[in-house]
Amino acid sequence: YPEGWFLDRAARAPYQIPYPALLPKKINNLLVSGGISATHVAFSAIRCEAARIHMGIAAGVAAAMALDMGCDPADLPVDVLQEELLRRKVKLTWFADVDGLHPDFMGIQWAALRSFLPQDEEWRFFPDHPVNWADFVKAIVLCLDLPISVSGAHFENVGQRDPMFRYLESLYDFGTRA
């Protein structure tokens, strides 16, 4: 692709900023939340006020946790930091319809961090809608971090072009291995 070309999804999607972006290379025991180095693509995420606020919160919480744990910030387990940020109601994945006061905020964020993202052009999670079979199967495979299937079709009425095919087959593979 030409230099600077965006995938349509990348141009319109909310972004996450990985924790290592706050850790300068070749400098130990330092977190930087305001002046991180970023490409023009990543700058689309970090230029937003909400993202800058969340980077500052993440850096502060990470610094305190690293002190408490007696480790360098680079050695802080990301999942432990994410759990603490979620406990503090910091959005790690943005959804238009899920704020920190939603009773299922932490569970929704946990699932999103494991790639369970509903396909909605307005970035809604629809937390109060009933779950359909396809979303249920996809959530199980992604949230349990099961390997995605490469086997053949084992279910009637779910062809290889069906978006849920790989998730159903993943559960089938997992079940047969178990």
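As the structure is a prediction and not an experimental result, all values here were calculated from the model. Side chains included, hydrogens not; waters and symmetry mates left out as well; all remaining heavy atoms used.
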| task | Apply side chain to side chain contact (heavy atoms under 4.5 Å, CB included) to Val141 and Met164, showing your working. | result | CA-CA 11 Å; Val141 170; Met164 292 304 116; over 6 Å; no
| query | Under 3.5 Å, side chain of Lys91 to main-chain N/O of Gln109, donor-acceptor pair present? | reply | no
| message | Return the CG to NE2 distance between Leu92 and His54, rounded to the nearest 0.5 Å. | response | 8.0 Å
| said: Can a donor-acceptor pair be found, under 3.5 Å and without considering hydrogens, that links the side chain of Asn132 to the backbone of Asp135? | reply: yes
| query | With side chains defined as the heavy atoms from C-beta onward, is the minimum distance between Leu85 and Met65 less than 4.5 Å? | reply | no
| query | In the single-linkage hydrophobic clustering (I, L, V, M, F, W, Y; side-chain heavy atoms under 4.5 Å), do Leu101 and Phe105 co-cluster? | reply | no
| Minimum-distance pair of heavy atoms, taken over all atoms of Arg114 and Cys143 | CD-O, 3.8 Å
| said: Nearest 0.5 Å, please: how far is CH2 in Trp123 from CG in Asp97? | reply: 12.0 Å
| task | Please answer: with hydrophobic residues joined when any side-chain heavy atoms are less than 4.5 Å apart, are Val78 and Val80 in the same cluster? | result | yes
| said: Quick check on the hydrophobic clustering: are Phe126 and Met106 connected, directly or via other members, by side-chain heavy-atom contacts under 4.5 Å? | reply: no
| Intermediate values then yes/no, side chain to side chain contact (heavy atoms under 4.5 Å, CB included), Glu49 and Ile53 | CA-CA 6 Å; Glu49 192 67 28; Ile53 290 168; 4.1 Å; yes
| If you measure from the Lys or Arg side-chain nitrogens to the Asp or Glu carboxylate oxygens, is any gap between Arg88 and Glu84 under 4.0 Å? | yes
| request: Mind checking the CG-CG spacing from Leu23 to Leu31? Nearest 0.5 Å is all I need. | output: 5.5 Å
| task | Please report the shortest heavy-atom distance between Gly100 and Lys89, naming the atom on each side. | result | O-CD, 3.0 Å
| Distance in Å, Leu81 CG paired with Leu86 CG, rounded so as to fall on 0.5 Å steps | 9.5 Å
| query | What about Leu113 and Met55, same hydrophobic cluster or not, with Ile/Leu/Val/Met/Phe/Trp/Tyr joined at side-chain heavy-atom distances under 4.5 Å? | reply | yes
| query | Would Val137 and Trp110 show up in the same hydrophobic cluster when neighbours are defined by side-chain heavy atoms closer than 4.5 Å? | reply | no
| field | Sub-4.5 Å side-chain heavy-atom contact between Pro163 and Gln119 | value | no
| query | Any donor-acceptor pair under 3.5 Å linking the side chain of Lys138 with the backbone of Leu142? | reply | no
| query | Which class fits the ring pair Phe136 and Trp133: parallel under 30°, tilted 30 to 60°, perpendicular over 60°? | reply | tilted
| Can you tell me how far CD1 of Ile17 sits from OG of Ser33, rounded to the nearest 0.5 angstrom? | 10.0 Å
| Donor-acceptor contact present, side-chain Asp72 to main-chain Asn29, <3.5 Å | yes
| Stepwise side chain to side chain contact (heavy atoms under 4.5 Å, CB included) check, Tyr167 with Ile140 | CA-CA 8 Å; Tyr167 303 110; Ile140 289 172; over 6 Å; no
| Verdict with reasoning, Phe125 to Thr93, per side chain to side chain contact (heavy atoms under 4.5 Å, CB included) | CA-CA 10 Å; Phe125 193 88; Thr93 303; over 6 Å; no
| task | With rounding to the nearest 0.5 Å, note down the distance linking CD1 in Ile108 to CZ in Phe116. | result | 10.0 Å
